[in-house]
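To keep things clear, I will list the structure first and then write my remarks on it.
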Amino acid sequence: MKKYILLFITLMIFWLLLNSSLSLEVFVIGAGVSILISLMFCSKCDIFNEISLTPKAIYATLMFIFVFLGALIKANLSITKRVLSPSLPINPGIVKVKTKLTSKVGRMVLANAITLTPGTFTLEIDGEDFFIHWVDVKSGETEENTKEIVSSFEKYLKLMYG
Amino acid sequence: MEGILEITGGVFMVLGAVSLLVASIGLYRMPDFYNRIQIGTKASTFGASLSIVGVALIFPGWIPKLLAMLLFILFTNPISSHIVGRTAYFTNVPLSKRTKVDRLKEMSPGHLKKVKTKD
């Protein structure tokens with residue numbers, strides 16, 4: 001049941017954003033089509049079941065967005081500095097990190113957050129191992145890299161998805 | 001009051017444009033494919049988002065649609081970067097000579113076979 005409702009809400013939000021009006025017919029048409037789509041296509045979308053909606057999880061979501069934006073700005077400035085330095089100070093490499101997250105959505109969000117941060121992107125996921133291409137590798141050690149790249153995001157994702 | 005919003009919006013748009021300029025310089029300067037992808041995410045996160053925030057400040061009526069655009073960019077960009085980078089790696093696009101470590105190469109050959117036949 002929960003997955004149908006969550007898909008319905010997501011579709012509805014996008015419909016309203018694209019229409020940018022709240023008149024009655026727009027609302028009714030959107031609601032009708034969203035209900036139809038979520039009933040027709042949501043038999044397989046078990047992924048929504050892993051999202052928890054407790055107050056703690058919502059607080060963690062907000063904190064995650066905050067932390068993520070901070071990391072984004074910091075990484076952007078650092079990559080700008082690297083690109084504009086005449087010597088091009090980069091130490092690229094592919095490192096392996098381990099995540100403690102067990103849910104599929106949690107891992108997906110973590111991988112996407114890592115990719116969106118300039119300087120790191122997820123090349124391959126193999127169970128709990130993430131292979132990450134990093135512009136500034138300091139060492140090949142899994143533990144150290146995990147601490148540096150993953151743990152700040154992981155703390156909140158753990159609360160959100162378990 | 002309106003003037004302030006317009007000026008801030010303009011500042012945001014200029015910052016976005018500067019970000020895109022730095023990204024294009026980076027595309028030219030980076031040594032290999034994988035480092036260029038990193039610059040691509042920079043262009044879309046900072047360049048596009050700052051420009052969109054700027055437009056939102058100048059035309060507040062467009063905010064819902066701009067928000068939808070921003071969400072679509074932020075959701076789709078990492079997926080495409082990941083797929084492009086992964087395909088490049090498994091079709092042996094060479095890494096630059098400056099690469100320090102490659103932990104993915106240490107995986108067993110069986111792993112690579114699994115990747116090729118998966119979905």
Side-chain angles (χ1 to χ4, degrees), chain A residues 10 13-22 68-69 72-73 75-86 88-97 108-109 111-126 129-142 145, chain B residues 18-19 22-35 37-47 49-50 61-69 71-72 74-82 84-86 88-90 95-96 98-107 111 114-115:
Chain A
T10 315
I13 286 174
F14 268 112
W15 171 258
L16 291 177
L17 280 179
L18 288 174
N19 270 291
S20 44
S21 86
L22 278 172
F68 174 66
L69 285 180
L72 200 65
I73 291 169
N76 261 302
L77 292 179
S78 111
I79 215 114
T80 306
K81 216 168 73 190
R82 279 170 214 282
V83 165
L84 294 181
S85 309
L88 198 64
I90 56 170
N91 307 300
I94 296 169
V95 298
K96 179 166 131 181
V97 301
M108 182 191 79
V109 174
N112 281 353
I114 289 171
T115 308
L116 262 182
T117 321
T120 50
F121 90 95
T122 317
L123 256 182
E124 167 70 323
I125 298 173
D126 183 32
D129 299 337
F130 283 32
F131 293 90
I132 291 171
H133 186 275
W134 194 9
V135 169
D136 187 23
V137 175
K138 281 163 201 117
S139 72
E141 297 299 316
T142 303
N145 292 322
Chain B
V18 169
S19 253
V22 172
S24 32
I25 296 172
L27 277 183
Y28 178 71
R29 291 198 69 197
M30 282 298 177
D32 69 350
F33 182 85
Y34 305 93
N35 289 303
I37 291 185
Q38 311 268 22
I39 300 294
T41 58
K42 177 193 159 47
S44 66
T45 53
F46 239 39
S49 345
L50 284 180
W62 295 359
I63 284 179
K65 274 176 200 169
L66 292 170
L67 192 62
M69 272 167 67
L71 284 177
F72 274 123
L74 289 185
F75 281 133
T76 54
N77 174 275
I79 297 170
S80 55
S81 305
H82 162 69
V84 169
R86 193 182 140 188
Y89 190 88
F90 289 116
L95 288 153
S96 123
R98 298 177 66 168
T99 304
K100 293 278 185 299
V101 281
D102 183 358
R103 298 295 303 273
L104 190 48
K105 207 166 73 183
E106 298 156 14
M107 296 299 292
H111 174 76
K114 188 189 90 194
V115 167

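Below, chain A is the first sequence line, B the second, and so on; all start at residue 1. Remember, predicted model here, so these are calculated numbers, not experimental data.
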Could you tell me which portion of B:L71 (side chain, backbone, both or neither) has an atom closer than 4.5 angstrom to a non-hydrogen atom of chain A? side chain
Please tell me if the side chains of A:T122 and B:R86 come closer than 4.5 Å, counting only heavy atoms from C-beta onward. no
Report the option among A:P92, A:A113, A:G119, A:A111 that has the most heavy-atom pairs separated by less than 4.5 Å from atoms of chain B. A:P92
Tell me, do A:I94 and B:Y89 make a side-chain contact under 4.5 Å, heavy atoms counted? yes
Portion of B:L95 that has a non-hydrogen atom of chain A nearer than 4.5 angstrom: side chain
Separation of A:L17 CG from B:I63 CD1 (nearest 0.5 Å): 11.5 Å
Side chain, backbone, both or neither: which part of A:I73 has a heavy atom under 4.5 Å from chain B? both
Greatest number of heavy atom pairs closer than 4.5 Å to chain A - which of B:F75, B:F72, B:Y28: B:F72
Looking at every non-hydrogen atom in both residues, tell me the closest pair between B:R29 and A:L84 and how far apart they are. NH1-C, 4.1 Å
Going through the distances and angles, do B:N35 and A:H133 end up as a side-chain contact (heavy atoms from CB on, under 4.5 Å)? CA-CA 8 Å; B:N35 289 303; A:H133 186 275; 3.3 Å; yes
Largest heavy-atom contact set with chain A, pairs under 4.5 Å, which of B:A68, B:S81, B:P64: B:P64
If you count heavy-atom pairs within less than 4.5 Å of chain A, which of B:I37, B:V84, B:I79 leads? B:I37
Heavy-atom cut-off 4.5 Å, strictly under: side chain, backbone, both or neither for B:I39 against chain A? side chain
Contact part of A:F121 toward chain B, heavy-atom cut-off under 4.5 Å: side chain, backbone, both or neither? both
Residue part contacting chain B, namely of A:I90, when any heavy atom lies under 4.5 Å: both
Cut-off 4.5 Å, heavy atoms of chain A, and the answer for B:N77 is side chain
Among all residues two or more places apart in sequence or in another chain, which pass the ring pair (Phe, Tyr, Trp, His ring centres under 6.0 Å) test with B:F46? none
Measuring heavy-atom distances to chain B, does A:L116 have an atom under 4.5 Å in its side chain, in its backbone, in both, or in neither? both
What residues, two or more places apart in sequence or in another chain, satisfy side-chain hydrogen bond (donor to acceptor under 3.5 Å, both in side chains) together with A:N91? A:D136, B:K100
For residues A:L18 and B:K65, report the shortest heavy-atom separation together with the two atoms involved. O-CE, 3.1 Å
